[in-house]
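The structure appears below as structure tokens.
Lettering follows sequence order; numbering is per chain, from 1.
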There are 2 protein chains.
Amino acid sequence: MRKTRRACNVPDATIHRLPLYLEKLKLLQAIGVEDVSSRQLAESLDIKASQLRHDFHYFGGFSRPGRPYQVDILVPALEQIIGISQPQPTVILGAGHLGQALANYQNLELQGFPVVGIFDVNPKLIGLEIRGQPVRDMDELELLIRDKGVRIAILTVPAANAQAVTDRLVRAGIVGIFNFAPTDLKVPETVVVRNERLAVGIMSLSFRVKCIIEGGYERTDGLVAGE
Amino acid sequence: MRKTRRACNVPDATIHRLPLYLEKLKLLQAIGVEDVSSRQLAESLDIKASQLRHDFHYFGGFSRPGRPYQVDILVPALEQIIGISQPQPTVILGAGHLGQALANYQNLELQGFPVVGIFDVNPKLIGLEIRGQPVRDMDELELLIRDKGVRIAILTVPAANAQAVTDRLVRAGIVGIFNFAPTDLKVPETVVVRNERLAVGIMSLSFRVKCIIEGGYERTDGLVAGE
DNA sequence: AGGCCGCTGTTACGGGATTCACAACGAATC
DNA sequence: GATTCGTTGTGAATCCCGTAACAGCGGCCT
């Protein structure tokens with residue numbers, strides 16, 4: 001029984017789909033749907049049913065064969081896989097515009113990631129209340145991380161400070177860093193970083209836009225008039 | 001000479017790296033570096049040199065063989081490929097916390113995406129100044145899009161309104177939508193959507209964190225002590 | 001001038017992800 | 001009860017991306 005070990009070899013592509021599955025399933029759960037077939041679920045997400053089953057297959061049986069998936073089984077199973085059976089407390093580093101926006105983004109808490117601390121170095125920001133929480137001085141960082149058992153940090157500091165803050169987070173025991181700073185972070189192997197770069201996103205969008213405008217729209221069906 | 005046509009068949013993975021190349025190259029340019037080899041550039045981005053050359057190969061020669069890449073040639077070439085040789089004006093739909101944060105995020109303008117309009121339906125927000133621009137009433141949407149030639153929109157409205165706003169954007173001639181709402185958008189084939197879902201990002205991070213904590217840390221080198 | 005070194009462009013290969021195909025199973029219907 | 005339909009689990013095949021290898025070119029040093 002080393003399923004946890006095995007689960008870590010799951011490809012990234014599959015991992016990124018798990019939250020989408022969970023989101024849709026919660027929606028179904030909310031409106032009282034009990035059963036859902038792989039085809040139904042997959043079509044609503046614009047993917048192939050076989051891929052969905054393949055994804056689930058990494059983690060073992062969520063259903064007895066011959067019968068559709070049961071929403072009430074799938075939701076907690078996925079939550080357990082993702083690691084949010086219990087809420088995962090998080091801290092935000094950097095109370096600038098983006099940090100404040102994220103602190104206010106109630107969807108995060110709703111999805112199992114309550115923000116338990118917001119930190120900044122700017123004295124003008126310290127003490128400012130955001131959704132009932134004060135922006136804290138960095139002095140309190142280590143203590144709060146330890147007290148609340150925080151393992152995930154959201155980094156919204158300027159790129160110039162990102163590495164220094166990261167080092168401090170790592171020393172404080174943070175295991176996952178959600179990095180919004182436009183810079184690469186160096187961390188030990190025991191820490192995971194996920195970069196979320198807005199500029200990358202909008203630029204790849206721009207490329208596709210240019211393709212559509214310049215080259216006629218892209219066709220996936222191989223058919224186009226006049227050629 | 002159908003390079004533009006061909007360029008649209010470039011894999012997504014390559015497209016997502018182009019902004020990273022451009023970013024690093026601009027940094028080099030800023031400090032006066034003239035030449036850069038594929039190895040130098042690749043190493044600083046933690047990828048293989050062969051992959052970088054492979055990526056560039058989709059678009060044709062940026063350099064004469066035998067000599068390293070010239071920063072001053074590469075930067076405008078990439079900008080032209082991405083479609084930001086001239087600034088791409090954008091509009092933001094939804095002036096909530098996230099919309100305001102993005103409007104204040106000067107990096108966007110720096111990277112070639114100036115925000116020329118911020119819109120909301122909330123009368124309390126309309127008129128509010130953000131970085132010198134008022135939040136506008138939706139009435140002005142179509143006119144401004146046409147006047148400024150806007151092709152890219154950033155969507156930060158609540159999920160419930162996202163599709164309605166999208167339909168209106170499409171009718172107004174928007175070609176690319178950067179969607180922060182946690183919902184899928186239906187658009188015609190001539191419009192591109194890029195979903196940026198924070199919840200997905202933090203959940204996949206959470207999964208990796210769980211793996212590290214539960215299963216001992218993942219090893220890519222096949223070596224681990226005491227087993 | 002000649003040889004050596006470093007660089008890019010390009011092709012070939014290997015591996016991973018997606019898709020397909022089918023076997024095994026349950027339920028409902030006739 | 002048999003049969004048909006719909007479902008999942010799973011291994012095979014296909015496709016695509018990442019990597020390696022090498023050919024061709026330019027400059028430099030001797």
Side-chain angles (χ1 to χ4, degrees), chain A residues 3 6-18 20-21 25 28 33-74 77-78 81 204 207 218 220-222, chain B residues 3 6-18 20-21 24-25 28 33-75 77-78 81 204 207 218 220-222:
Chain A
K3 203 167 275 183
R6 178 174 162 240
C8 289
N9 295 332
V10 175
D12 265 357
T14 293
I15 301 301
H16 293 329
R17 280 188 293 268
L18 295 184
L20 301 179
Y21 299 149
L25 285 165
L28 293 176
V33 175
E34 292 181 354
D35 295 336
V36 64
S37 71
S38 60
R39 183 181 308 183
Q40 290 171 314
L41 189 52
E43 273 180 4
S44 74
L45 287 165
D46 245 326
I47 63 172
K48 295 279 189 294
S50 56
Q51 178 161 72
L52 188 150
R53 293 199 300 273
H54 210 315
D55 283 343
F56 284 179
H57 181 232
Y58 282 105
F59 306 101
F62 293 145
S63 128
R64 284 178 288 275
R67 287 194 298 184
Y69 296 110
Q70 288 175 258
V71 177
D72 287 339
I73 292 180
L74 225 43
L78 283 174
I81 291 169
S204 50
F207 175 83
E218 195 181 6
T220 52
D221 51 357
Chain B
K3 203 165 276 180
R6 181 172 162 237
C8 288
N9 295 332
V10 175
D12 266 356
T14 292
I15 301 301
H16 292 330
R17 280 188 293 269
L18 294 184
L20 302 179
Y21 299 151
K24 269 280 190 278
L25 284 165
L28 293 177
V33 176
E34 292 181 355
D35 294 336
V36 65
S37 72
S38 60
R39 181 183 307 179
Q40 289 171 315
L41 190 51
E43 273 180 6
S44 73
L45 287 164
D46 244 323
I47 63 173
K48 294 280 188 296
S50 56
Q51 177 162 74
L52 187 150
R53 292 199 300 272
H54 206 329
D55 284 342
F56 284 1
H57 180 232
Y58 281 104
F59 305 101
F62 292 145
S63 128
R64 284 179 288 276
R67 287 192 298 183
Y69 296 109
Q70 289 176 257
V71 177
D72 288 339
I73 291 180
L74 226 43
V75 168
L78 284 174
I81 291 169
S204 50
F207 174 84
E218 195 182 5
T220 52
D221 52 356

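Checking the phosphate oxygens (OP1, OP2) of dT10(D), no side-chain nitrogen or oxygen of Tyr58(A) falls inside 4.0 Å. Remark: His57(A) is in phosphate contact with dT10(D), judged by side-chain N or O atoms under 4.0 Å from OP1 or OP2. Applying the 4.0 Å criterion to OP1 and OP2 of dT19(D), one finds that Arg53(B) has every side-chain N and O outside that range.
Within 4.0 Å (heavy atoms only), Phe62(B) reaches sugar-phosphate atoms of the nucleic acid but no base atom. If you check every strand for non-hydrogen atoms under 4.0 Å, Phe56(B) touches nothing. Arg67(B) comes within contact range of the sugar-phosphate backbone alone, with a heavy-atom separation under 4.0 Å but no base atom that close.
Note: CD (Gln51(A)) to C1' (dC15(D)) measures 13 Å, nearest angstrom. For the pair Glu43(A) CD and dG6(D) P, the computed distance is 14 Å after rounding to whole Å. In this structure, His54(B) places its NE2 atom 17 Å from P of dC22(D), rounding to the nearest Å. With rounding to whole Å, Leu74(A) atom CG is found 14 Å from dT7(D) atom C1'. In this structure, Leu52(B) atom CG and dA20(D) atom C1' are separated by 15 Å, rounded to whole Å. One atom, CG of Asp35(B), and another, C1' of dT8(C), lie 13 Å apart when rounded to the nearest Å. The interatomic distance linking Asp46(B) (CG) with dT19(D) (P) rounds to 11 Å, in whole Å. Distance CD1 (Ile73(B)) to P (dT8(C)): 13 Å, rounded to an integer number of Å.
Remark: the backbone N or O of Ser37(B) is paired with a side-chain donor or acceptor of Gln40(B) at under 3.5 angstrom.
The residue among Ala13(A) and Tyr69(B) whose nearest nucleotide of DNA chain C is located toward the 5' end is Tyr69(B). Of the two residues near DNA chain C, Ile47(A) and Ser38(B), the one whose nearest nucleotide lies more 5' is Ser38(B). For Pro68(A) and Ser50(A), each mapped to the nucleotide of DNA chain D holding its nearest heavy atom, the one lying further toward the 5' end belongs to Pro68(A).
For Lys48(A), the listed nucleotide lying nearest its side chain is dC20(C); candidates were dC20(C), dG18(D), dG9(D).
In Arg39(A), the CZ atom is not crowded: 12 or fewer heavy atoms of neighbouring residues, nucleotides or ligands sit closer than 6.0 Å. In the displayed structure, Asp46(A) atom CG is contacted under 6.0 Å by at most 12 heavy atoms of other residues, nucleotides or ligands.
Just one of Ile47(B), Leu74(B), Val75(B) meets the side-chain contact (heavy atoms from CB on, under 4.5 Å) condition when paired with Tyr21(B); it is Ile47(B).
The aromatic rings of Phe59(B) and Phe62(B) lie parallel to each other, with less than 30° between the two planes, well short of the 60° mark.
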